[in-house]
Amino acid sequence: QVQLVESGGGSVQAGGSLRLACAAFGDTVSMYCLGWFRQAPGKEREGVASTYTPTGNTYYADSVKGRFTISQDNAKNTLYLQMNSLKPEDTAMYFCAAVYGTSCPYQPRPHNFRYWGQGTQVTVSS
């Protein structure tokens, strides 16, 4: 059983930056597909980015390419999401997720992931 705990959310003005962290407990996640999702009020949960460290494969949603960077520190068993040039439309609850496997899905969907964090709120004001 893997427990995921997010941190780093907050309120920023448009153009600002935030760094989200997701600490994993209960297992070493170096062989897991790890992802970040977000969900705005009234909208479906969408995949933002994912990574599978053994192959170095990463995925970014078109809406965040060039602005967000996903990374993983295996020594700390922690996943990060560096978010730059934030926009009001990035406002959402952000969740990290994990699933054990040999790769990440080409385009991550919520049903692909087994373990979820409780979420951290990101609010971007114009």
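Not one N or O on the side chain of N74 forms a donor-acceptor pair closer than 3.5 Å with the backbone of N77. A donor-acceptor pair is defined here as one N or O able to donate and one able to accept, closer than 3.5 Å; such a pair exists between the side chain of T91 and the backbone of V124.
Sparse packing is recorded around CD of Q13, with 12 or fewer heavy atoms of other residues, nucleotides or ligands lying under 6.0 Å away.
Among the candidates I70, T120, L79, the single residue satisfying the side-chain contact (heavy atoms from CB on, under 4.5 Å) test with L20 is T120.
Residues meeting the salt bridge (charged side-chain N to carboxylate O under 4.0 Å, His left out) test with R109, sequence neighbours left out: none. R67 pairs by the side-chain hydrogen bond (donor to acceptor under 3.5 Å, both in side chains) definition with D90, not counting sequence neighbours. When the side-chain contact (heavy atoms from CB on, under 4.5 Å) test is applied to S63, the partners found at least two apart in sequence or on another chain are R38, A61. Scored by the salt bridge (charged side-chain N to carboxylate O under 4.0 Å, His left out) test, E89 finds no partners at all (sequence neighbours excluded).
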Do V122 and L18 pass the side chain to side chain contact (heavy atoms under 4.5 Å, CB included) test, and can you show the C-alpha distance, the side-chain angles, and the key distance before you say yes or no? CA-CA 8 Å; V122 171; L18 284 173; 3.9 Å; yes
Pair Y94, M83 - check side chain to side chain contact (heavy atoms under 4.5 Å, CB included), show working. CA-CA 12 Å; Y94 283 71; M83 305 186 295; 3.9 Å; yes
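Across every non-hydrogen atom of A40 and A92, the tightest pair is N-CB, 3.9 Å. For the residue pair Q1 and Q3, the shortest heavy atom distance occurs at CG-NE2, 3.3 Å. For the residue pair A49 and Y60, the shortest heavy atom distance occurs at CB-CD2, 3.7 Å.
At least one side-chain heavy atom of P108 sits under 4.5 Å from a side-chain heavy atom of Y59.
One distance of note links OH of Y52 with CG of N57; it measures 9.5 Å at 0.5 Å rounding. The distance from atom CD of E6 to atom OG1 of T78, rounded to the nearest 0.5 Å, is 11.5 Å. Of the inter-residue distances, the one linking L4 atom CG with Y115 atom OH reads 9.5 Å to the nearest 0.5 angstrom. The distance from atom NZ of K65 to atom OG1 of T58, rounded to the nearest 0.5 Å, is 9.5 Å. Once rounded to the nearest 0.5 Å, the distance linking CZ of F68 with CG of N84 reads 8.5 Å. Atom CD of E46 is separated from atom CD of Q107 by 10.0 Å, given to the nearest 0.5 angstrom.
Taken together through direct or relayed side-chain contacts under 4.5 Å among Ile, Leu, Val, Met, Phe, Trp and Tyr, L81 and V2 form part of one hydrophobic cluster. Two different hydrophobic clusters hold Y80 and V48 under the rule that ILVMFWY side chains link at heavy-atom gaps under 4.5 Å.
Hydrophobic cluster of V99: the remaining members, joined at side-chain heavy-atom separations below 4.5 Å, are F37, M93, F95, F113, W116, listed by chain and number.
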Show every donor-acceptor pair shorter than 3.5 Å between a side-chain atom in residues 22-34 and any protein atom, with sequence neighbours excluded, or say none if there are none.
| unit_1 | atom_1 | unit_2 | atom_2 | d |
| --- | --- | --- | --- | --- |
| D27 | OD2 | Y32 | OH | 2.6 |

